[in-house]
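Contents: one structure, followed by commentary.
The chain is numbered in sequence order, starting from 1.
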Amino acid sequence: MIETASIDAVMRTLADPTRRAVFERIVTSDEINVVELTRGSGVTQGAISQHLKSLKRAGLVAERPEGRNVYYRAQPQGLAPLIDWIDHYGAFWRERFANLRTLLKEIDS
């Protein structure tokens, strides 16, 4: 069964559009720091830091300190609860699409 606390945390974290945009920028980078994330985002460095804190708490990003900088990278396994949830409902959709396909063939005949 799906672990409710994990899926709730991931969905709640990714529900915010700014946070999703930050996460997407991290995903498309090997590693990125707060300054780079802030540049061109239209969001303050403090806000980016808060979004990163939420992403980290949800297990979606990991950090690596180096001197005065902290670099962030995506943690693909953090999306596992979301993927499990989608897979859980995949059978429902496969059945519905199969029924639709059958209906469309009948209508087409």
In Å and rounded to the nearest 0.5 Å, what is the [atom1] to [atom2] distance from [X] to [Y]?
| X | Y | atom1 | atom2 | answer |
| --- | --- | --- | --- | --- |
| Q50 | Q45 | CD | CD | 12.0 Å |
| I7 | R12 | CD1 | CZ | 10.5 Å |
| S41 | H51 | OG | NE2 | 9.0 Å |
| R64 | R73 | CZ | CZ | 7.5 Å |
| Q77 | I83 | CD | CD1 | 10.5 Å |
| D108 | L103 | CG | CG | 11.0 Å |

Considering only heavy atoms from C-beta outward, does the side chain of [X] approach that of [Y] to under 4.5 Å?
| X | Y | result |
| --- | --- | --- |
| T38 | T44 | no |
| R25 | I32 | yes |
| F23 | V61 | yes |

Donor-acceptor pair, side chain of S29 and main chain of E31, under 3.5 angstrom
no

Output yes when a side-chain donor or acceptor of R20 lies under 3.5 Å from a complementary backbone atom of L14, and no otherwise.
yes

Testing the basics here: between [X] and [Y], what is the closest heavy-atom pair and its distance to 0.1 Å?
| X | Y | value |
| --- | --- | --- |
| E63 | V70 | CB-CG1, 3.6 Å |
| V10 | P81 | CG2-CG, 4.3 Å |
| Q75 | G59 | CB-O, 3.4 Å |

Do [X] and [Y] belong together in a cluster built from hydrophobic side chains that touch within less than 4.5 Å?
| X | Y | answer |
| --- | --- | --- |
| Y71 | L37 | no |
| F97 | F92 | yes |
| L79 | Y89 | yes |

V43 vs V22, test: side-chain contact (heavy atoms from CB on, under 4.5 Å). Steps then yes/no.
CA-CA 10 Å; V43 181; V22 169; over 6 Å; no

Inspect the surroundings of CG in D30 and state if more than 12 heavy atoms from other residues, nucleotides or ligands are less than 6.0 Å away.
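Open: at most 12 neighbouring heavy atoms sit under 6.0 Å from CG of D30.
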
